[in-house]
**Q** 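One structure, as structure tokens, below. Some questions next.
Both backbone and side-chain heavy atoms feed into the values below; hydrogens, waters and symmetry mates do not. In the text below, chain A, chain B and the rest are named by the order of the sequence lines, each starting its count at 1. If you're wondering where the values come from, they're calculated on a predicted model, not measured in any experiment.
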Amino acid sequence: MSYKSTKSLDNRMDLPEIENRCKSFWAENNTYRYDNSRSREETFVIDTPPPTVSGSLHIGHIFSYTQTDVIARYQRMSGKTVFYPIGWDDNGLPTERRVQNYYNITCNPSLPYDPNFKPEHNEQDKSPRKEVSRKNFIEACETLTSSDEIVFENVFKNIGHSYDWNIKYTTIGAGSIKVSQESFIDLYEKGELHLMESPTMWDVTFQSAIAQAEVEDKEIQGFFHDIKFPIEGTDDYVVIATTRPEFLPACISIVAHPDDERYKKYFGKKVLVPLFDTPVEIVASDHAEMDKGTGIMMVCTFGDAADVAWWKQTGLPLKQIIGLDGCLLDVEFGKGAFVSNNPERANGFYKQLAGLSTKQAREKIVQLLRENNYLACEPRPLTHTVKFYEKGNLPLEFVTSRQWFITLQDKKDAMVAMGRKIKWKPEHMQYRYEEWVRGLNQDWCISRQRFFGVPFPVWYKLDDKGNADYEHPMLADRSQLPVDPMIDCPKGYTEAQRGQPNGFIGDKDIMDTWATSSLTPQIALEAAESDKLGLPFDIRPQAHDIIRTWAFYTIAKAMMHENTIPWKEILISGCILDPDRKKMSKSKGNVVTPQHLIDTYGADSIRYWASRARLGVDTAFEEQIMAQGKKLVNKIFNASKFVFTIVENSKLNGVSDYRKFITEPLDKAWQSKIYAMVKQATESFSTHDYATALDVIEKRFWDFCDNYLEIVKKRAYAPEDCSAVASLMETIDTFLRVFAPFCPFITEEVYQARPWAAATDKVSLHNVMWPQSSEYADIANADGALYDAVSAITAEIRKAKTAANVSQRTQVQKAVIAAPDASLNLIKEGLVDIRNVCGLQENALSFVSAAELAVNDIELDLTELPQKAS
RNA sequence: GGGUGCUUAGCUCAGCUGGAAGAGCAUCUCGUUUACACCGAGAGGGUCGGGAGUUCGAACCUCUCAGCACCCACCA
């Protein structure tokens, strides 16, 4: 299929029309298709980040994704086939949350499937959420994500990203589930997985376990509560300051520093926990710091991570009072771990707390403490940082539950070593990775008590009483994958045995979304059905805020599965800051939508803006740069249009083998400048430094428009001159190719309209070769000095005219150039052009040999310039 | 508390292994209608965050101080 532009460029540049033409041309020609027949050496393999489809794209996505696309386009033009997949990250909590809000529904797994339920957009509805079955909920997720994905796809196509849309995956798709489950089975067989019941960080909003990487600190308002703990059998007491008095019933130890003179006398004695009269020992440990709070603290199950460590270390009984919903459980004092010297009084107090949320319980218990004279003083306000799930809005709790863990803590050294085999760009991002690895203090909890995600390929046997045997999980056979244990049966069982004594149950949890995302290279290969490619890929582009998740987990999995690095290089993009230097994000409400910007400035201009920023450098959102990009696009169009007109009126019209006509010294000098530009740009691209490449190209392009084009204009009009025309053709041809990765639309439009295209030539510019040094063999060593000299003289004459307030078209009566003989001889080679561009009258130019000047020094004396005609 | 990066013109940013401070925008002046008003020519504007050191020579190397941003840890 051929490109639909007219042969000549239209008078006005119509960007939306050009963009539409290009999009359909590329789609119909498979311009960006990955060629599986090429060897690995001839392939550039990218591990594209699948964007989360749980909302709208913002300009930050466009920014970093475009930078990758520029790199991909360069690689494609330099002769490689590019493996450039695109995926949508649609599984997991962000989607569930969006679905809950969008349809005003929530999942209740105990409900039966309702085949007639159709989710409807109901975001304004403030009534309680309608409860739907697990299957209905998953269907609602699928409905919404697939419509979200169309929006994303359109924006990415509108901005001109050159993905191979045939290699598309979603993280909830069957391929992703299969790969994730294979990964699970492989790690299980390698002994890297364990199912464990232990206190885990728990988000009460979403009611799921979460991993260390998803924890975020937040500053919140709280209170110090100074509580009197009576010493058992005395009238004495110690005052303990705590921010979480609701944990009093779960107190297991009282701790002070061994050197603390204030408390030495109490070690070994017991306190009676206020209200509950539980005897708890006062222990000496450097776990406590003397200068914090009152220097003496209570340990509860579990106020924080330190409490968990203490509990594990001491082996004291567990007093679990927080339930999965974040509310206080109904426990009874005098039973189990809940000892009391006065169970009746303890239960009386506790009954007022049971069922309350932690926040409500805190208020209630403060009231009870006050009424019973346990408060040493009124609560003192403080701001402190508390751990949150990054997507949650209530502090994390530590709750005991059964979860799947991947062993990571024993692999810190190996992970650091793997990280060092990867080339990080910018380099310092590697430190961030290593710091995270070294600070790792938990294994990776990969199970989530949610619904829309990858199920575990696991069932559990039930004994004759219907109790599950978690010690011996039954894993799916690889041939069964993808599998849903809530629907499919383990081998050797029938559906009728589900939930029955001596039967089985399926694992109802889903995997952490990162357990899937950490396999994006493998998932992309699965989607492409590629047998040629494998790990490592060439590059992983990503943002720095997910080094501890996406990069880290991907490196971990590649190491555990294949003992390799997942990619040779990782390119970390910066993020977009709003003009106040704050990070742009949806939650802050300062996001500008990409489509609006594309409509305003055109896709190429937005790409220009993104390409100007260097990798890893945060950039302020600056619309003026996009306006600048639009000027560049306009200039490319107009300069090309002008050259095309010249070509069409010349003897070289329709000649594709024009390069040999470049014979004039000035034209050759100019071509050597172009050659130097290509060389520099190529070198920059070899280290993925697209920004420097663009800088070099753009500078030379403006020089072309402002100077070279003006200099040779007159000569190019002359019908007998071929050198100038050929040089202009060559120049435009080269600029189109080097601008192509940055501005694919305007360059394609212009390229397709070039009058020197062979009639059969219907190839997209983006499948054309990046300029190769062999094309410039004859001028590789040519001297650009003549061009510099002519430019310098031109500039001087222009300056003189501006100073005289006259038009640049004013004819100069007399100009004297002083320079050493060598320079004069050089300059004389460009005499005609100097005269043309400067409006010098015949014989107006004279030369003075000035041996005292250096070779590059040229002095110009404009002695007679006409005054401005009034 | 630990780490990383940044600080250059009014703004946004370049400036490679040390060798006469740069671009774009903005401002001001002038010009311009046969590629382009999404135009052109020019001008002004900086003690390169402060201080010390190394060097013939420092925006660049070393030390130090300050400010900004981000990451990690701690948080009774």
**Q** Hey, does the side chain of A:R798 come within less than 4.0 Å of B:rG40's phosphate (OP1/OP2), counting only N and O?
**A** no
**Q** List the residues meeting side chain to side chain donor-acceptor pair (under 3.5 Å) with A:Y601, not counting sequence neighbours, and say none if there are none.
**A** A:E623
**Q** Considering only B:rA35, B:rC70, B:rG24, which nucleotide approaches the side chain of A:Q628 most closely?
**A** B:rG24
**Q** What's the shortest heavy-atom distance between A:M298 and A:C251, and which atoms?
**A** CB-SG, 3.9 Å
**Q** Rounded to whole angstroms, how far apart are NE2 on A:H428 and P on B:rU4?
**A** 11 Å
**Q** Taking atom types as modelled, is there a side-chain donor on A:W670 or A:S727 under 3.5 Å from an acceptor on the other?
**A**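 No pair is found: no donor N or O on one side chain lies under 3.5 Å from an acceptor on the other.
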**Q** Measure CZ/A:R438 against C1'/B:rU4 and give the value in whole Å, please.
**A**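 So the two atoms are 14 Å apart, to the nearest Å.
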**Q** Can you tell me the base-pairing partner of B:rA20? Count Watson-Crick or G-U wobble geometry only, both distances below 3.5 Å, and say none if there is no partner.
**A** none
**Q** Give a yes or no answer on whether the side chain of A:S253 reaches the backbone of A:V255 with a donor-acceptor pair at less than 3.5 Å.
**A**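 Answer holds: no.
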**Q** Among B:rA73, B:rC36, B:rA76, find the nucleotide with the atom closest to the side chain of A:E289.
**A** B:rA76
**Q** Rounded to the nearest Å, what distance is computed from the CZ atom of residue A:R262 to the P atom of nucleotide B:rA76?
**A** 17 Å
**Q** Does the A:Q67 side chain pair with the main chain of A:L615, one donor and one acceptor, at a distance under 3.5 Å?
**A**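 Flag not set: sc A:Q67 to bb A:L615 has no pair under 3.5 Å.
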**Q** Go through B:rU4, B:rC39, B:rC36 for me and flag the one nearest to the A:K631 side chain.
**A**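 So the nucleotide nearest the side chain must be B:rC39.
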**Q** Would you call the rings of A:W436 and A:F552 parallel, tilted or perpendicular, where under 30° means parallel and over 60° means perpendicular?
**A**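 Perpendicular: the ring planes of A:W436 and A:F552 meet at over 60°.
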**Q** When you measure from the side-chain N and O atoms of A:Y608 to the phosphate of B:rG24, is any distance below 4.0 Å, counting only OP1 and OP2?
**A** no
**Q** Judged by each residue's nearest nucleotide on RNA chain B, which is more toward the 5′ side, A:T294 or A:K699?
**A** A:K699
**Q** Going by purine N1 to pyrimidine N3 plus the second Watson-Crick contact, or the G-U wobble pair, all under 3.5 Å, which nucleotide sits opposite B:rU4?
**A**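 Per the H-bond distance test, B:rA69.
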**Q** Provide, to the nearest angstrom, the distance between the CD atom belonging to A:E622 and the C1' atom belonging to B:rA14.
**A** 15 Å
**Q** Classify the nucleic acid contact of A:A288 as base, sugar-phosphate or nothing, counting any heavy atom under 4.0 Å across all strands shown.
**A** base
**Q** State which of B:rC72, B:rC74, B:rC38 makes the closest approach to the side chain of A:M13.
**A** B:rC38
**Q** Compare the minimum distances between each of B:rA76, B:rA43, B:rC25 and the side chain of A:Q624, then state the nucleotide with the smallest one.
**A**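 The answer is B:rC25.
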**Q** What's the closest nucleotide to the side chain of A:L709 if the choices are B:rA26, B:rA35, B:rC74?
**A**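 It is B:rA35.
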**Q** Under 4.0 Å between any heavy atoms, over every strand shown, what does A:R548 touch: base, sugar-phosphate, or nothing? Just pick one.
**A** sugar-phosphate
**Q** Report the nucleotide, chosen from B:rC71, B:rC72, B:rG40, that has the shortest atom-to-atom distance to any side-chain atom of A:D706.
**A**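 Shortest atom-to-atom distance from the side chain points to B:rG40.
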**Q** Can you tell me which nucleotide in B:rC36, B:rC13, B:rA73 comes closest to the side chain of A:A620?
**A** B:rC13
**Q** When the P atoms of B:rG45 and B:rG18 are considered, how many whole Å apart are they?
**A** 31 Å
**Q** Could you check how far CD of A:Q430 sits from C1' of B:rC71, rounded to whole Å?
**A**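 From A:Q430 CD to B:rC71 C1': 15 Å.
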**Q** What is the distance, rounded to the nearest whole Å, between atom CE of A:M429 and atom C1' of B:rU4?
**A**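 One finds 8 Å between C1' of B:rU4 and CE of A:M429, rounded.
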**Q** Partner lookup for B:rC39, please. Criteria are Watson-Crick or G-U wobble with both distances under 3.5 angstrom; report none if nothing qualifies.
**A**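 B:rC39 is paired, partner B:rG31.
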**Q** Using atom P in both nucleotides, what's the gap between B:rC70 and B:rA58 to the nearest angstrom?
**A**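 That atom pair is separated by 35 Å.
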**Q** At 4.0 Å (heavy atoms only), tell me whether A:W702 reaches a base, stays on the sugar-phosphate, or touches nothing.
**A** sugar-phosphate
**Q** Return whichever of A:V255 or A:N707 has its heavy-atom-nearest nucleotide of RNA chain B closer to the 5' end.
**A**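 On the 5' side of the pair lies A:N707.
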**Q** Would you say B:rC74 has OP1 or OP2 under 4.0 Å from some side-chain N or O of A:K387?
**A**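 True: A:K387 side-chain N/O within range (under 4.0 Å) of B:rC74 OP1/OP2.
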**Q** At 4.0 Å (heavy atoms only), tell me whether A:T243 reaches a base, stays on the sugar-phosphate, or touches nothing.
**A**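 The answer is sugar-phosphate, as A:T243 gets under 4.0 Å only of primed atoms, P, OP1 or OP2.
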**Q** May I ask you to decide if A:M290's main-chain N or O and A:R262's side chain share a donor-acceptor pair within less than 3.5 Å?
**A**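 Checking the backbone N and O of A:M290 against the side chain of A:R262, a donor-acceptor pair under 3.5 Å is found.
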**Q** Less than 4.0 Å between a side-chain N and a carboxylate O, is that true for A:D703 and A:K699?
**A**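 No, A:K699 and A:D703 are not salt-bridged.
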**Q** For the pair made of NZ in A:K641 and C1' in B:rA35, what is the distance, rounded to whole Å?
**A** 6 Å
**Q** If you take any heavy atom closer than 4.0 Å to RNA chain B, which residues from residues 216-231 of chain A end up in contact?
**A** A:D217, A:F224
**Q** Please determine, for the side chain of A:M297, which listed nucleotide (B:rC72, B:rA76, B:rU12) has the closest atom?
**A**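 The answer is B:rA76, which lies nearest to the side chain.
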**Q** Could A:E397 and A:R244 be called an ion pair, given the rule that one side-chain N must be under 4.0 Å from one carboxylate O?
**A**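 Counted as a salt bridge, because a side-chain N and a carboxylate O are separated by less than 4.0 Å.
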**Q** Identify whether the distance between the nearest side-chain nitrogen and carboxylate oxygen of A:R438 and A:E435 falls below 4.0 Å.
**A** no
**Q** A:W424 has an atom CH2; how far is it from atom C1' of B:rC71, in whole Å?
**A** 13 Å
**Q** Considering only atom C1', compute the distance from B:rA66 to B:rU27 and round it to an integer number of Å.
**A**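 Per the computed distance, 32 Å lies between those C1' atoms.
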**Q** Phosphate oxygens OP1/OP2 of B:rG40: is one of them under 4.0 Å from a side-chain N or O of A:K635?
**A** yes
**Q** Can you tell which of B:rC38, B:rC72, B:rC74 lies closest to the side chain of A:W436?
**A**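 For A:W436, the side-chain atoms sit closest to B:rC72.
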**Q** What is the base-pairing partner of B:rA58, counting Watson-Crick and G-U wobble geometry with both distances under 3.5 Å?
**A** none
